[in-house]
There are 2 protein chains.
Amino acid sequence: MTEQSGPSTQQIVEKVWLSIAERRLRPGVQLKEEQLATIFNVSRARIRQALTVLERDGLVTIIPNRGAFICKPSVEEARDVFFVRRTVERCVIERLCVSVSKPNLRRLRDHVAQERIANAQDITTDIIKLSGGFHLLLAETVGSDFLFTTMRDLISRSSLITAVYRNTNRFNCGPDEHAEIVEAIANNDAVKATHLMAHHLDHVESELDLSEIRDLSHDLRAALS
Amino acid sequence: MTEQSGPSTQQIVEKVWLSIAERRLRPGVQLKEEQLATIFNVSRARIRQALTVLERDGLVTIIPNRGAFICKPSVEEARDVFFVRRTVERCVIERLCVSVSKPNLRRLRDHVAQERIANAQDITTDIIKLSGGFHLLLAETVGSDFLFTTMRDLISRSSLITAVYRNTNRFNCGPDEHAEIVEAIANNDAVKATHLMAHHLDHVESELDLSEIRDLSHDLRAALS
DNA sequence: GATTGCAGGATTGTAGACAATATGATTTGA
DNA sequence: TCAAATCATATTGTCTACAATCCTGCAATC
């Protein structure tokens, strides 16, 4: 009788986010509210909350009276996101190199270590989460709420862009380049750190195939399982 | 019988936003859903939508099972917002100086002209809207969606900060400094334009009184009328 | 006298039902 | 045969009622 109240809004968001990043949900697919409500075993109200969050993160577009669709970022939008990332991440690095506490340095190194483990064991889900999580952790370490939320928005959009335009099967936002950046920060070497980050972003962007989007699958239930 | 369906979500958001900017709603005040629903003559559902938007804009904090409260930005948060604004607005200016179209230049000059009118007639509501709107228009003119939304978030937070910490009664984000910036952009003088913007932001921030927050009034209905 | 426990009231969170709107197929006319 | 209008279906938008949670005031007890 006492039905489990189902996943929270945040859990739904993460599930959809991951499904998009893993390419199980393709751009252009409509996320119908009742369908999602059935899949997640929650009411439509909670689904609508999750969809508004996903819209804010730039992963879906909500068209009034039409519904929510997974975004198809254009090539221009993709380049724009990376352009802004260069500016913002540079700002983050510069502030970190001025002063980074020992505990924060430890957190960064621990994170890179986790990335190495996920890569070694080839667990795609963890690789995706941790890869974006590194950049997010950098922003969090700065201590600026605004930079953190901005980076969060950038990362979620980058994940979608990578899912759409990535050419290879490997995720090249690997732990090695991250590790170098952390060590440059540890040495308070702002020049080196910013160069490494710029190179890292160039590298990630260069892996993208900026041709047209392929078509989409419709098996919602399987993609979200 | 056919009750007018009341203001839209966006209209509610703008009304609350303006009430905060005009200091008729003080930080810490709880925005009770039913109360707002009565005032705006809409259902609680729409109020909840508006509150989530206001939370995203950084104007209210929603505590689960507790309610929505107008944010009290700390001095650190205030300085942080202005720090990020320096970076982002500089980025905006640099991109604009590289290439700004004639129609966009015209829009900027028109906007400044409107600011002059509002200032001459001393219409506080318009002054507040247009003052932030100038910076928003700059970002929009760049053509980057992400920069635009980022600037939007920064401006709304700045409005709250200004409302809380502003010392004088005049709004010093006046049209004169804006006009100078536009002309520097028109001349593609990136160095001058970025300097003017930096000075402008210094000016705005210097007008803030970073002492403690005074206490708050509770007259919701009067504040929102 | 201070603290803890316990109702009573108020507020938010959720679900389900109904209304409004858009889509797509079908039919009708030129 | 094609175009335009119409109706049926499906989906979203909104409202109302109910459930869960939290704060407030009071009283009892140590």
Side-chain angles (χ1 to χ4, degrees), chain A residues 1-16 25-56 59-72 215-216 218-221 223-224, chain B residues 1-16 25-56 59-72 215-216 218-221 223-224:
Chain A
M1 196 58 65
T2 56
E3 287 268 1
Q4 295 285 356
S5 90
S8 70
T9 303
Q10 193 52 39
Q11 288 172 326
I12 295 171
V13 170
E14 285 181 13
K15 200 102 186 183
V16 175
L25 277 175
R26 292 299 182 135
V29 172
Q30 181 173 11
L31 298 175
K32 297 177 185 174
E33 296 179 355
E34 196 140 12
Q35 208 171 351
L36 291 177
T38 305
I39 292 172
F40 288 112
N41 194 32
V42 296
S43 76
R44 267 182 58 214
R46 196 173 288 181
I47 295 295
R48 285 174 74 83
Q49 285 182 24
L51 288 176
T52 58
V53 173
L54 286 166
E55 187 192 30
R56 190 205 59 181
L59 295 182
V60 309
T61 305
I62 295 177
I63 305 174
N65 289 320
R66 288 286 311 281
F69 302 83
I70 299 179
C71 284
K72 302 191 207 187
D215 228 21
L216 33 83
H218 293 282
D219 194 356
L220 255 185
R221 174 168 262 114
L224 287 166
Chain B
M1 197 58 65
T2 56
E3 288 267 3
Q4 296 284 357
S5 89
S8 70
T9 304
Q10 193 53 40
Q11 287 172 324
I12 295 171
V13 169
E14 283 180 14
K15 200 104 185 184
V16 175
L25 278 174
R26 290 301 181 134
V29 172
Q30 180 173 9
L31 300 174
K32 297 178 184 174
E33 295 179 355
E34 195 140 12
Q35 208 171 350
L36 292 176
T38 305
I39 292 171
F40 288 112
N41 194 32
V42 297
S43 76
R44 267 184 55 215
R46 197 172 286 182
I47 295 295
R48 285 173 73 83
Q49 284 183 23
L51 288 177
T52 59
V53 174
L54 286 167
E55 186 192 31
R56 190 206 60 180
L59 295 181
V60 308
T61 305
I62 296 178
I63 304 174
N65 289 318
R66 290 285 310 279
F69 303 83
I70 299 178
C71 284
K72 303 191 209 185
D215 230 20
L216 33 83
H218 294 280
D219 194 357
L220 255 184
R221 173 167 261 114
L224 288 166

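First the proteins, then the strands, lettered A, B, ... as listed; each starts at 1.
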Engineer: Is a side-chain N or O of Gln11(B) found less than 3.5 angstrom from the main chain of Ser8(B), in a donor-acceptor match?
Structural biologist: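 Checked: pair present.
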Engineer: Rounded to the nearest Å, what distance is computed from the CZ atom of residue Arg44(B) to the P atom of nucleotide dA10(C)?
Structural biologist: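 From Arg44(B) CZ to dA10(C) P: 15 Å.
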Engineer: Grab the CD-P distance between Glu34(B) and dA10(C) for me, whole Å please.
Structural biologist: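 About 11 Å, once rounded to whole Å.
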Engineer: Using whole Å, report how far CZ of Arg48(B) lies from P of dA15(C).
Structural biologist: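 Going from Arg48(B) (CZ) to dA15(C) (P), I get 12 Å.
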Engineer: Round to the nearest Å and state the distance from Ile62(B) atom CD1 to dT11(C) atom P.
Structural biologist: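 For the pair Ile62(B) CD1 and dT11(C) P, the rounded distance is 17 Å.
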Engineer: Verify the contact: side-chain N or O of Gln35(B) to OP1 or OP2 of dA10(C), cut-off strictly under 4.0 Å; return yes or no.
Structural biologist: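 No, Gln35(B) has no side-chain N/O under 4.0 Å of OP1/OP2 on dA10(C).
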Engineer: 5'-most contact on DNA chain C: Ala45(A) or Glu33(B), nearest heavy atom basis?
Structural biologist: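 Nearer the 5' end of the strand: Glu33(B).
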Engineer: Could you report the tightest heavy-atom contact between Pro7(A) and Phe40(A), atom names first, then the distance?
Structural biologist: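 Closest pair (atom of Pro7(A), atom of Phe40(A), distance): CD-O, 3.2 Å.
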Engineer: Which of these nucleotides, dT11(C), dT14(D), dT11(D), is closest to any side-chain atom of Lys32(A)?
Structural biologist: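 Selected nucleotide (nearest to the side chain): dT11(D).
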Engineer: Go through the structure and list residues passing salt bridge (charged side-chain N to carboxylate O under 4.0 Å, His left out) with Arg56(B), not counting sequence neighbours.
Structural biologist: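 Checked Arg56(B) against salt bridge (charged side-chain N to carboxylate O under 4.0 Å, His left out); zero matches.
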Engineer: What's the closest nucleotide to the Arg46(B) side chain, out of dG13(D), dT14(D), dT12(C)?
Structural biologist: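 Closest of the options to the side chain of Arg46(B): dT14(D).
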Engineer: Send over the distance from Ile63(A) CD1 to dT11(D) P, rounded to a whole Å.
Structural biologist: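 About 15 Å, once rounded to whole Å.
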Engineer: Please report, rounded to the nearest Å, how far the P atom of dG13(C) is from the CD atom of Gln49(A).
Structural biologist: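 It is 8 Å, rounded to the nearest whole Å.
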Engineer: From CZ of Arg66(A) over to P of dT23(C), roughly how many Å is that when rounded to an integer?
Structural biologist: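 Distance check: Arg66(A) CZ to dT23(C) P gives 4 Å.
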Engineer: Send over the distance from Glu55(B) CD to dT12(C) P, rounded to a whole Å.
Structural biologist: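 Atom-to-atom, Glu55(B) to dT12(C), this comes out as 14 Å.
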Engineer: Mind checking whether Leu51(B) and Ile62(B) have side chains closer than 4.5 Å, heavy atoms only?
Structural biologist: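 A side-chain contact exists here, since the closest heavy-atom pair is under 4.5 Å.
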